[in-house]
Amino acid sequence: VTRRLLTVAVAACATTPARPIPLAVLIDGDRAAVGKVSTIDGLDLHEVTLPAPQPPPSDDTNVAITKARTAFAGGEFSSCREALATVDLVHVLARGDRNLASRALVLGAACAWPDKAGAEATANRLAGFGLDLPDMTVTPEIDRMLGTAITAAGAAPRHSLAVAGVVGAQLSIDGRAGDCALPCTVDVAPGDHVLAVVADGYAPASRLVRSPDVDHVTVAEEPANSELAARQWRTRLGRGLPATDAVGVTLLAKLAGGSRIAYLHGDAAITAALVVDGKLVASTTAGHGDATDAIRELAYDGGVLHRPSVFQRPWFWIATAGAAIVIAGAIVAITYKPDPTTVLSF
Amino acid sequence: MKTILVALIAVAACQRTHELQVLLGPNADTPSAGFLCKQDADPTKLLLERPDVLSGKTVTFNVVVDIVSLGGHLPGCRGEEIVASCTPGTCTLAVDRADRYCKKEMFDVSLASDRPTLMHQITADLAKMPIATDAPNGPVLLRAIATSQSCDDVHTGKIDPTLAVGCAYSCPAVLDDIDGPISLSLDVLDDQCESTVRACAGFQNVN
């Protein structure tokens, strides 16, 4: 009860802005431990919720390849090529599915028959991507063509390729994960290459380049929207990364869709942080169920609300009143003489 | 904080009971000279041997005790100081007449020779009822009168000094502030003091 009274008193003593300041509130962890978030004078609180995890987007690449292989087996090269034409090879490699890309290219070479030049070009492309041959046989002639192309690509001189973009973004080339962090320079075989970059706070991006036609390239990334930021933030938590490190607060700011967001994590206690304009400006811990107190403290510490002056704080008056009572009590104890009841008798 | 408040309230609420014993003389064994005055008409006899109190072998009288408020003044013990202090008419009985202490006492005349025993007997009997359960907190004096006047009369009217057979009073005091027994006395130089007894009993301002 005392705590509640003090909370109300603090709120009553605080100077409040003319217009409530919008503040997004994100709560995760044990919701019951966080408790109910009540109204705070001067703040316009609105809770944001993370979007539910989405299933991976449907991909028809496998279907197309199966269809192409069936057509190839039936000698229907035209149908095979039509099926393969729907495969977005850049997309497949960008997401790191090198085996699927390899299968598509091997079938592409096989179905190009009798266009030998087309088949060789496809084989060279596979070799240029550095893809391993899939566990799939086509024809001995195509197998030999692929082997030759791989051997030639392996012997060809490498060319350097400087890649720029969002600093720190992870670059993968032709579906190989973790090649380097941007900006960086890599040596690649002649031919087509798929550059894919990912960075928290940005939408993934990919680009097809041809070496040695280009020796430097910038792979631009668009800032992540709130939904993607929320997904990336959740993924980071799943990887055990801190919720409010530099990247975490950037994502929190993006997912809030506003300039201020309070993050509350419920556990044995409440861990709370305030992010303003993409920067962590305050953090605190609070007891079970004290979400409102935690947010108010964050607002004070982060400068969103003005903390009441000393004389506006209840503790000041409680201490002053307590001291006055003690002094008065001491004076009374020293000076007071109770009126005795005098009983008179023989 | 709560403990301090409780302690303060307890201190404020604390009432001290202060008991004072009244002695009819300088000590418990000896009566004041004011109760041993002799008759003017027959200096060989005590006032207590007057026919209105001595019947056969039994002495019967009433003891009246008054608490006289001195109106905020605290004069000295001498009679003239008390009279001077009460001249403006500020001295009054601290209790209503109806509530005056009045108790009948009787003893066999044979006990007169053993005064300590007699005093203990009388005092023990008088102690059966208190003079006051909450004496006033201010300057007062106590006066004890031995009289043949009935308690009914005493409770409804003035003391008749002519019926008094003994009288003694205390020094003015604030009863809440003193400890120990209060001795009553009468300021006389010899035992021919009937008139002084009457003056004591008829102290005009208070009866």
Side-chain angles (χ1 to χ4, degrees), chain A residues 1-14 35 38 269 284-290 292-294 296-297 300 307-346, chain B residues 1-25 28 63 65-67 94-95 101 103 105 119-138 140 142 144 170 173-179 181-184:
Chain A
V1 171
T2 305
R3 182 190 288 271
R4 295 297 169 209
L5 287 175
L6 288 175
T7 300
V8 171
V10 167
C13 291
S38 305
T284 187
T285 56
H288 237 69
D290 292 337
T292 307
D293 291 349
R296 185 180 287 109
E297 279 304 307
Y300 289 148
R307 190 181 286 278
S309 305
V310 169
F311 65 87
Q312 289 178 306
R313 298 181 197 179
W315 278 115
F316 172 80
W317 291 109
I318 290 170
T320 303
I325 289 170
V326 169
I327 292 169
I331 291 171
V332 168
I334 292 169
T335 62
Y336 178 70
K337 287 184 178 177
D339 185 18
T341 300
T342 299
V343 177
L344 204 57
S345 62
F346 285 100
Chain B
M1 184 69 72
K2 192 184 290 181
T3 308
I4 294 172
L5 284 175
V6 169
L8 287 174
I9 291 168
V11 167
C14 181
Q15 278 288 330
R16 186 163 54 95
T17 299
H18 178 224
E19 295 187 354
L20 282 178
Q21 185 186 15
V22 178
L23 301 178
L24 290 171
V63 175
V65 180
D66 285 332
I67 301 172
V95 296
Y101 181 96
K103 193 165 190 321
E105 286 298 324
M119 286 303 292
H120 281 287
Q121 179 182 306
I122 291 175
T123 302
D125 191 52
L126 291 173
K128 289 177 180 173
M129 57 184 276
I131 299 167
T133 53
D134 187 7
N137 182 21
V140 297
L142 304 179
S170 71
V174 178
L175 299 180
D176 284 353
D177 293 346
I178 60 173
D179 294 313
I182 299 174
S183 295
L184 307 185

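Chain naming here is simple, since letters A, B, ... match the order of the sequence lines and numbering starts at 1 in each. Heavy-atom basis, side chains included; hydrogens, waters and symmetry copies ignored.
- Proximity of a side-chain donor or acceptor of B/H18 to a complementary backbone N or O of B/I178 within less than 3.5 Å is detected.
- Note that the CG atom of B/L23 and the OG atom of B/S170 stand 11.0 Å from one another [nearest 0.5 Å].
- Only the side chain of B/L142 comes within contact range of chain A, with at least one heavy atom under 4.5 Å from a heavy atom of that chain.
- Per-residue counts of heavy-atom pairs under 4.5 Å with chain A were compared for B/V65, B/L175, B/I182, B/L20; the largest is that of B/L20.
- Judged by distance alone, the side chains of B/D134 and A/T341 never bring a donor and an acceptor atom under 3.5 Å apart.
- The main-chain N or O of A/T292 is never found under 3.5 Å from a side-chain atom of A/S38 such that the two would form a donor-acceptor pair.
- Residue B/N137 touches chain A through its side chain alone, counting heavy-atom pairs closer than 4.5 Å.
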